[in-house]
Chemist: 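Quick one: structure below, then a few questions.
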Number of protein chains: 2
Amino acid sequence: MYNRATSITCNSMNSKNLNPNVSVDCVVFGFDNERLNVLLIEQKPLNKSIKPQSALPGDLVMEDESLDQAANRVLRELTGLKGIYLCQFKAFGDPQRVRDVKDLAWLQTYREYPQARVITVAYYALVKMHDFSPEASSFADKVYWCDVHNVPPLAFDHNQIVIEGLKTLRREFEAHRIGFELLPKKFTLSQLQRLYEIITDKKFDKRNFRKKILRENILIPLPEKQQGVLHKPAQLYEFNLRELAELGAFNGDTVEIY
Amino acid sequence: MYNRATSITCNSMNSKNLNPNVSVDCVVFGFDNERLNVLLIEQKPLNKSIKPQSALPGDLVMEDESLDQAANRVLRELTGLKGIYLCQFKAFGDPQRVRDVKDLAWLQTYREYPQARVITVAYYALVKMHDFSPEASSFADKVYWCDVHNVPPLAFDHNQIVIEGLKTLRREFEAHRIGFELLPKKFTLSQLQRLYEIITDKKFDKRNFRKKILRENILIPLPEKQQGVLHKPAQLYEFNLRELAELGAFNGDTVEIY
DNA sequence: CCAAAAGTGTTCTTGTTACACCCATGA
DNA sequence: TCATGGGTGTAACAAGAACACTTTTGG
């Protein structure tokens, strides 16, 4: 049972005029040339005896910001990350999604209306892990990257959100050409193939992959080779940004907020 | 400025315990062998002098129902339609989306908290128009089908929602094989081609279309022809439901609610 | 016999799959 | 000289695009 004042009214308890019924959650995937990871935070437990729980970075939406703005703000506040293109993929609204006993202590500590029903709007993003060094904020004890194949039990319905986010990511990655910011400026075709294989979770034939990718005319061979490797050094390439832009490869069809 | 009681509290003014911050809107597309239409309702104006405004069927979510349930309930209550597979496609959360002066009168008449910020979760569906006879409810003066090329100015941000719904519909229609319930049981290849052309808003070559569709093995030719037409009568077909089911053609990958 | 829509085949190009061996380097 | 990953070509097949004339019916 709860009672609240929102909107134009500013509740004195609550410097941040939050909407108690709507949140955003961010499924940020990070690629590190080896594995696909997802960004998690560890909730600060109520008291030290309670085992801390992991969760997606997410929080209530403020009354005067859009959903896109909220997603960017929340990610920045909880993890320090900014300048990441977040793409909305689904709203989760099961009436019981914040009612599990495992989440009660956290809700009572951090939410003004712990009983409020919360619908969450989920966003995903894909970044180069080493470009971003997430840092824990006051709300979270830790922020860490976690292999998508090894996600622990998370708060609320966040495991389901991760799964649906992954599905969306893979669908989008195969359909459009997202994810070209994930490699070093100069890279080899094998690195690119590994990127494709890790994200789509499929294997490709080396010759066919190279044929296909070179045919698309989005790579520029450089007058350089790998150095210091203990095998035949590979040709280095960079992306043809002009071509990619024409194909609408960057950031879907919406506009960046931050 | 508003104050409210929700959730476990049942407000005596409000037999239906609605969440003031979250709504659902339904973009129901109807195909009538000629055109693609969208289902609209006409809002009951506050007083007779105000020009009535059209809108998508939509309303606030109840505290104890899921978003999918809400979408189905709202559509049924406002238009009488049920048994329609609704698919969530996007949440709209601009803080100003219910702040336009054009919508003030309606909000003040029908909403307990007219100032509340409302995030809406939009659903789309595609049905055979003549299978459904929408009927106006107490909340709406009229319910009617409207050619998607001629949508009038709508309440709130509903024009934008229709546009995004159409984009989603077309993308899904081309990707998967939805929409096979839209033709009569027995139909001609020309009818099927017209369906494709109207929904995707493209033209196809007759020979190539037939080759492609027959190759897929989803049609069964019937020992029957058209009758009473003033030209060469066409072969009739029916769908190979067994094949279609295997291809996962029906209703995406989620489960029907009602 | 006319109007109207049905029905039909070929060619060209492009993309997809499957598959196995030699090459350049540093240790 | 060896281990390691880099680099290459061909054949078979499937899918997509372009294109024009004959057929059957009712009026």
Side-chain angles (χ1 to χ4, degrees), chain A residues 32-35 170-171 173-177 183-184 186-198 200-239 243 246-247 249, chain B residues 33-35 170-171 173-177 183-184 186-239 243 246-247 249:
Chain A
D32 66 355
N33 300 313
E34 301 287 328
R35 261 178 278 283
R170 290 188 170 138
R171 197 169 45 235
F173 188 86
E174 301 207 51
H176 312 102
R177 278 167 253 260
L183 291 173
K186 303 169 180 184
F187 53 87
T188 68
L189 290 178
S190 294
Q191 283 179 293
L192 182 61
Q193 182 172 346
R194 200 151 50 241
L195 168 67
Y196 269 72
E197 291 182 337
I198 289 170
T200 62
D201 208 26
K202 292 180 186 169
K203 289 296 266 177
F204 298 102
D205 175 84
K206 187 164 46 156
R207 278 172 291 190
N208 292 339
F209 179 81
R210 292 159 109 92
K211 221 185 310 169
K212 182 184 158 85
I213 210 82
L214 290 173
R215 204 195 304 131
E216 298 187 51
N217 198 31
I218 52 179
L219 298 187
I220 303 173
L222 298 170
E224 276 182 79
K225 305 214 164 204
Q226 268 183 321
Q227 294 199 343
V229 286
L230 46 156
H231 55 75
K232 178 174 176 179
Q235 171 70 243
L236 291 171
Y237 291 84
E238 65 179 13
F239 283 112
E243 276 295 319
E246 276 174 30
L247 293 169
Chain B
N33 301 311
E34 302 286 328
R35 260 177 281 281
R170 289 189 171 139
R171 196 170 45 235
F173 188 87
E174 301 206 53
H176 312 103
R177 278 168 253 262
L183 291 172
K186 304 169 180 182
F187 54 86
T188 68
L189 290 179
S190 293
Q191 283 178 293
L192 183 60
Q193 183 172 346
R194 200 150 50 241
L195 167 68
Y196 270 70
E197 292 182 337
I198 289 169
I199 293 184
T200 62
D201 208 25
K202 292 179 185 168
K203 289 299 266 178
F204 298 101
D205 174 84
K206 186 163 47 156
R207 278 172 292 190
N208 292 337
F209 180 82
R210 291 157 110 92
K211 224 184 308 169
K212 180 185 158 83
I213 210 82
L214 290 172
R215 204 195 306 135
E216 299 187 50
N217 198 31
I218 52 178
L219 298 187
I220 303 172
L222 297 170
E224 275 181 83
K225 304 212 164 204
Q226 268 185 321
Q227 293 199 342
V229 286
L230 46 156
H231 55 76
K232 178 172 176 178
Q235 171 71 243
L236 290 171
Y237 291 85
E238 66 179 13
F239 283 111
E243 276 295 319
E246 276 174 31
L247 295 170

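The sequence lines fix the lettering, A, B, ..., with proteins before strands; numbering per chain opens at 1.
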Chemist: Considering just the side-chain nitrogens and oxygens of A:Ser190, establish if one lies under 4.0 Å of OP1 or OP2 belonging to D:dG6.
Modeler: yes
Chemist: Taking only Lys NZ, Arg NE, NH1 and NH2, and the carboxylate oxygens of Asp or Glu, determine whether B:Lys203 and B:Glu197 approach each other closer than 4.0 Å.
Modeler: yes
Chemist: What is the distance from CD of A:Gln191 to C1' of D:dG7, rounded to the nearest Å?
Modeler: 16 Å
Chemist: Do A:Pro184 and A:Glu238 make a side-chain contact, defined as non-hydrogen atoms from C-beta onward lying under 4.5 Å apart?
Modeler: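 Of all side-chain heavy-atom pairs linking A:Glu238 with A:Pro184, none is under 4.5 Å.
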Chemist: Strictly distance-based, threshold 3.5 Å: is any side-chain N or O of A:Gln226 a donor or acceptor partner for the main-chain N or O of A:Ala234?
Modeler: yes
Chemist: Over how many whole Å does the gap from A:Lys232 atom NZ to D:dG6 atom P extend?
Modeler: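 Interatomic distance, NZ of A:Lys232 to P of D:dG6: 10 Å.
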Chemist: Can you tell me if B:Arg170 uses its side chain to pair, donor with acceptor, with the backbone of B:Ile199 under 3.5 Å?
Modeler: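 Flag set: sc B:Arg170 to bb B:Ile199 pair under 3.5 Å.
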Chemist: Please assess B:Tyr196 against B:Ile213 for the test side-chain contact (heavy atoms from CB on, under 4.5 Å), listing each intermediate value before the final yes or no.
Modeler: CA-CA 11 Å; B:Tyr196 270 70; B:Ile213 210 82; 3.9 Å; yes
Chemist: Rounded to the nearest 0.5 Å, what's the gap from CG on A:Leu195 to OG1 on A:Thr200? Could you check?
Modeler: 9.0 Å
Chemist: What is the distance, rounded to the nearest whole Å, between atom CZ of B:Phe187 and atom C1' of C:dA6?
Modeler: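 It works out to 16 Å between those atoms.
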Chemist: Classify the side chain of B:Arg207 versus the base of D:dA17 as yes if they form a donor-acceptor pair under 3.5 Å and no if they do not.
Modeler: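 No such pair is found, so the answer is no.
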Chemist: Which one of B:Leu214, B:Leu183, B:Ile220 satisfies the side-chain contact (heavy atoms from CB on, under 4.5 Å) criterion with B:Tyr237?
Modeler: B:Leu214
Chemist: What is the separation between atom CG on B:Asp205 and atom C1' on D:dC21, rounded to the nearest whole Å?
Modeler: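 Answer to the nearest Å: 14 Å.
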Chemist: Just checking A:Thr188: base, sugar-phosphate only, or nothing, at a heavy-atom cut-off of under 4.0 Å?
Modeler: nothing
Chemist: Whole angstrom is fine here: how far is it from CZ in A:Phe204 over to P in D:dG7?
Modeler: 19 Å
Chemist: List every contact pair, protein side and nucleotides 12-17 of chain C side both N or O, where the distance is under 3.5 Å.
Modeler:
residue, atom, partner, partner atom, Å
C:dT17, O4, A:Lys211, NZ, 2.9

Chemist: Measure CD/B:Gln235 against C1'/D:dT23 and give the value in whole Å, please.
Modeler: 15 Å
Chemist: Can you name the closest pair of heavy atoms from A:Asn33 and A:Arg194 and give their distance?
Modeler: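 Minimum heavy-atom separation between A:Asn33 and A:Arg194: O-NE, 3.6 Å.
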Chemist: Expressed as a whole number of angstroms, how long is the span from B:Arg210:CZ to D:dG16:C1'?
Modeler: 18 Å
Chemist: Rounded to whole Å, how long is the line connecting atom CD1 of B:Ile213 with atom P of D:dG16?
Modeler: 11 Å
Chemist: Under 4.0 Å, heavy atom to any atom of DNA chain D: which of residues 220-231 of chain B qualify?
Modeler: B:Val229, B:Leu230, B:His231
Chemist: Counting distance only, does the side-chain N/O of A:Gln193 pair as donor-acceptor with the main-chain N or O of A:Phe204 below 3.5 Å?
Modeler: yes
